Number of protein chains: 2
Amino acid sequence: MTRKRNANRNAGAPTLADVARLAGMSEITVSRVVRNQGPIADATRTRVLAAISQLGYIPNRAAGSLASAASTLITVLLPSLSNIVFPDVLRGIHTAITETGFQSVIGVTDYDPLIEERILLSFLAWQPAAVILAGLHHTPTARKHLEQGRFRVAELMDIDGDPVDIAVGMSHRQAGYETGRHLIERGYRRFGYAGHMLISDDRAKARYQGLCEALREAGLSLVGEMRVPGGGSTIAGRELLEKLLAAHTDLDVVIFPNDDMAMGGIFYCIHAGIVIKERLGIFGFNGLDIGQAMPLPLSTILSKRFLIGKTAAEKLLESRERPPEKTIINTGFDIIEGATA
Amino acid sequence: MTRKRNANRNAGAPTLADVARLAGMSEITVSRVVRNQGPIADATRTRVLAAISQLGYIPNRAAGSLASAASTLITVLLPSLSNIVFPDVLRGIHTAITETGFQSVIGVTDYDPLIEERILLSFLAWQPAAVILAGLHHTPTARKHLEQGRFRVAELMDIDGDPVDIAVGMSHRQAGYETGRHLIERGYRRFGYAGHMLISDDRAKARYQGLCEALREAGLSLVGEMRVPGGGSTIAGRELLEKLLAAHTDLDVVIFPNDDMAMGGIFYCIHAGIVIKERLGIFGFNGLDIGQAMPLPLSTILSKRFLIGKTAAEKLLESRERPPEKTIINTGFDIIEGATA
DNA sequence: GCGTTTTATGGTAGCGCTGTCATTATTCTT
DNA sequence: AAGAATAATGACAGCGCTACCATAAAACGC
């Protein structure tokens, strides 16, 4: 039977036992060398390492995970990959884990908490060492599993709420608020908003609310507001601004939920001969490089995506066990003055 | 001993045996229901499913992988996450696998074949169902493992070469060549190249060579050429074009290795008052949305990144076994006429 | 109606590794 | 120098699942 079984296996792929035999050591010693764990005599380590490289041994992680009830996998659930923000976060995560032996398994939730829940459950089957997801808002089932699991949890981007374990991000409500204050101070009074319809993009919603609050405090309110269906791209921003200005000719500044859309707005102004900043201010969010490379650098808010990902992953790996108190790390944001508002 | 061991485990997480007991079935039957495999009576399936949801059973993939010597993981090795191209590819991959139960493990190689090799070996420890990587150029060790492994392999982006199993992409050499032909036909004669120094970016190199070949055939050659250190961004493109034009005042067209840099070039022209197209043509590569949203849409080549990722993943999952003949899928490219060259 | 195939289910032995508990050198105290 | 601590190694069971083979029951063929 054993023979039959092996037929379907990686033809003769060497196992711990093979290495042990060749090195003249017990399996457990080889295992310790591989995992760099426990006290090992230098001579032993050398011998084992030699046997490993001679055989081309690759440890079987499935067996290891099963035996130890823990894996080296980190589950990463991102709302989207189209929005450059999340690849940046992912890049930060990878920068932090690259030398640690941890590996990331990626899921894309499409901003949908139900999809997030489904993917989360299927990923928990790997007994991950940590779970990283976006935002603090999850389904009750997802939240329950996150709370009860034997793994670390980092919730990224947002810090306005109660995290399961670690939250790393910024206050989007505050960012929206300060956007409003900043523009009011610069003399803008007739505000427009050109958004998108990702109702599950809690961050964009929080910024919007913060903005409205700043306006309200100053006795102002949004004069005009429009949204495109879907996620919002540069082209969408361009077309949307045209429509918004057609409906509200007297706007003096328009805020976009992200830089991509804001750049579309700028392109529309150039096309339509509208003098940016004097006649119409444009304000974005994210602080993308490309916006800053433009002849008129985009006025926007720099969100520290890479830093968020990197910080979260580092923090996560500090300890295997979840500490008693929750951690909230505010990476903050910078207002980029720019030349468009 | 068993008790001690369980102490460290997921406290009482239900196992197949628990489900089997509750459903009054054998473990193997439950396993079959979970995997949707083999003939199961409807009544049995219903009962098992009820028990699963009652217990909140989550299968242990590590155990499954160990027993079957196969996993549902797909290893994805990308050169970079900064370059928007690769998140697009990843998005395509995820679109294809999202409903299949397969999951992606991501590694970032930084365009370095040695890093690629190291990550590949560490990922093979999971006995992945498939490996997806960029390009056809790998270390001998990596190539050997790819060839001998019991998993499918897809090499993306490039098709100029001999793949291990499946290649999906386009001919970058041809893209470069056609860029040259296209611009020569439009009357350009004094060519400049503003590149970067990613020597391991084989695709950019192939396009460069194709371009040179087209010029050579027409009795031309590059008048001026410069490269920035590192990967090349919009800002780098902007600064590089300034330098290149300072050194070669008589260029009538400049080709960039990607749209990001080309847009930087456009921004420099706007800034310096250079009339784009008439006085200086600008040509990119990738066909990013943002380039097409600009007042003067960028002249460039559309690479079908999303399609490449999606096609590769679909093809990969068609069959578990590697077929005897290799597959090469040419997704082609489109020349976008644009307004900048 | 009796063999033959198909459908549905189960028993059992591992998969390759690591946790737990020993055990035996070796070094350190005072 | 005797006891105590530490360093280095090993035996062995078992993690939770699935491949393999077996078996029983139902459907089929002529």
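What you see is a predicted model, and the numbers here were worked out from it, not measured in a lab. Protein chains get the first letters and strands the later ones, always in sequence-line order, with residue 1 at the start of each.
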Nearest-angstrom distance from the residue atom [atom1] of [X] to [atom2] of [N]:
X         : N       : atom1 : atom2 : answer
Leu66(B)  : dA19(D) : CG    : P     : 12 Å
Leu16(B)  : dG14(D) : CG    : P     : 19 Å
Asn60(B)  : dT18(D) : CG    : P     : 9 Å
Ile58(B)  : dG16(D) : CD1   : C1'   : 14 Å
Gln127(A) : dG19(C) : CD    : C1'   : 15 Å
Arg45(B)  : dT7(C)  : CZ    : P     : 14 Å
Asp18(B)  : dG16(D) : CG    : P     : 9 Å
Leu55(A)  : dG16(C) : CG    : C1'   : 15 Å

SB check Asp162(B) Arg143(B) (cutoff 4.0 Å): yes

N-O pairing of Glu147(B) and Lys144(B) below 4.0 Å: no

side-chain contact (heavy atoms from CB on, under 4.5 Å) involving Pro128(B) - partner list, sequence neighbours excluded: Thr75(B), Leu124(B), Val131(B)

Residues within residues 22-44 of chain A bordering DNA chain D, heavy-atom distance below 4.0 Å: Met25(A), Ser26(A), Ile28(A), Thr29(A), Arg32(A), Pro39(A), Ile40(A), Ala41(A), Thr44(A)

By salt bridge (Lys or Arg N to Asp or Glu O under 4.0 Å), Arg35(A) pairs with (sequence neighbours left out) none

Filter on salt bridge (charged side-chain N to carboxylate O under 4.0 Å, His left out), then keep only pairs touching residues 16-30 of chain A, sequence neighbours left out; what's left? Asp18(A)-Arg21(A)

Out of the candidates Val76(B), Leu316(B), Thr72(B), Ile74(B), only one should pair with Ile97(B) under the side chain to side chain contact (heavy atoms under 4.5 Å, CB included) rule; please name it. Ile74(B)

Which residues in residues 117-125 of chain A have at least one heavy atom lying under 4.0 Å from any atom of DNA chain C? none

Would you indicate whether the side-chain heavy atoms of Val89(A) and Met157(A) approach each other to under 4.5 Å? yes

From Leu307(B) atom CG to Thr95(B) atom OG1, the distance as rounded to the nearest 0.5 Å: 11.0 Å

Quick note, ring pair (Phe, Tyr, Trp, His ring centres under 6.0 Å) partners involving residues 135-157 of chain A, not counting sequence neighbours, are none

